[in-house]
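We count ligands from 1, going down the list as the structure has it; atoms in each ligand are counted the same way. Values reported hereafter were calculated over all heavy atoms of this structure, with side chains retained and with hydrogens, waters and symmetry mates removed.
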Amino acid sequence: MVLTGKSAVVTGSTSGIGLAIARALAAEGASVMLNGFGEEGAIAEMLGELSGASGAEALHDGADMTRPDQIAAMIERAHAAWGGPDILVNNAGIQHVAPIADFPAEKWDAILAINLTSAFHTMRAAVPHMRARGWGRIVSTASAHSLVASPNKSAYVAAKHGLVGLTKTVALETAADGITANCVSPGYVWTPLVERQIPDTMAARGLTREQVIDDVLLAAQPTKQFVTSEQVAALVLFLCGEAASAITGANLSVDGGWTAA
Ligand code: NAD
């Protein structure tokens with residue numbers, strides 16, 4: 001197991017892509033701090049599964065990614081439990097779909113806080129601990145929307161473009177310290193985040209559910225297949241390994257060819 005003795009914090013990991021990343025890291029021996037919202041029983045089950053995978057520890061921290069104090073406390077909790085964190089995955093994210101003139105200002109603020117500013121706070125807290133150990137891996141889950149825009153997603157597109165700039169900057173600042181910082185940019189992955197935006201897209205564009213899936217979501221993806229959470233997690237796991245130590249400041253697409261067009 002390549003991550004035995006390492007510890008990881010994965011934000012937004014009680015669902016979807018983050019949970020798949022937590023599973024992939026735990027399966028390779030990393031102790032994992034899960035983060036995100038969810039039912040107590042369901043989270044306990046996830047923790048049992050993660051620690052059962054390799055015998056490494058798994059904890060949950062319910063830090064709200066809109067709250068800088070809670071974010072800093074979560075990183076310190078991971079540090080106190082295991083040292084590090086050696087691996088930080090900035091994955092928490094939300095979406096809201098509406099044309100600019102109707103876009104609620106509070107949704108803009110929430111998307112920027114959770115999808116972008118939270119990564120500033122996690123990295124600010126975690127980088128000194130990584131530097132002290134002379135090793136670190138930071139991976140931010142950006143999106144194809146970090147490279148291209150789509151209508152009605154102003155806040156999300158702005159936040160994801162910003163997340164790439166932020167991660168590249170940290171990559172340069174930490175390049176000589178044994179730390180890498182990269183983004184992975186998925187196309188459409190079938191998760192609750194995508195499921196939830198279908199009704200809004202139906203309303204915004206006057207389409208049926210099937211039309212949204214075929215003509216809006218998969219229209220952009222030349223493979224005409226959803227990416228899987230496990231495929232994204234496999235790329236994150238690779239970036240956490242020694243073979244990826246020369247990859248830093250990159251934004252790696254896993255989008256079925258979307259951004260090649
Ligand atoms: P999801 O809705 O399945 O999971 C989101 C996670 O974030 C959950 O664990 C949720 O509890 C957590 N979360 C939400 N608000 C939070 C907050 N305030 N504080 C702490 N945790 C919070 O979504 P997903 O599709 O797995 O998305 C994960 C990441 O991948 C996001 O950053 C998203 O933008 C990105 N992404 C998703 C897709 C896709 O098609 N699903 C594509 C590209 C990028």
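- Among residues two or more places apart in sequence or in another chain, the side-chain hydrogen bond (donor to acceptor under 3.5 Å, both in side chains) test is passed with Gln197 by Lys153.
- Within a 6.0 Å sphere centred on CD of Glu39, other residues, nucleotides and ligands contribute 12 heavy atoms or fewer.
- Checked against ring-ring contact (aromatic ring centres under 6.0 Å, His included), His129 has the following partners two or more places apart in sequence or in another chain: His79.
- Leu116 and Val89 fall into different hydrophobic clusters, where Ile, Leu, Val, Met, Phe, Trp and Tyr side chains are chained together by heavy-atom contacts under 4.5 Å.
- For ligand 1, the 4.0 Å heavy-atom shell contains residues Gly12, Ser13, Thr14, Ser15, Gly16, Ile17, Asn35, Gly36, Phe37, Ala63, Asp64, Met65, Asn91, Ala92, Gly93, Ile94, Ile114, Thr141, Ala142, Ser143, Tyr156, Lys160, Pro186, Gly187, Tyr188, Val189, Thr191, Pro192, Leu193, Val194, Arg196.
- Comment: Arg137 does not engage Asp86 in a salt bridge, judged by the lack of any side-chain N to carboxylate O separation of less than 4.0 angstrom.
- Taking the side-chain hydrogen bond (donor to acceptor under 3.5 Å, both in side chains) definition, one finds that Ser146 meets it with Ser185, Asn251, sequence neighbours left out.
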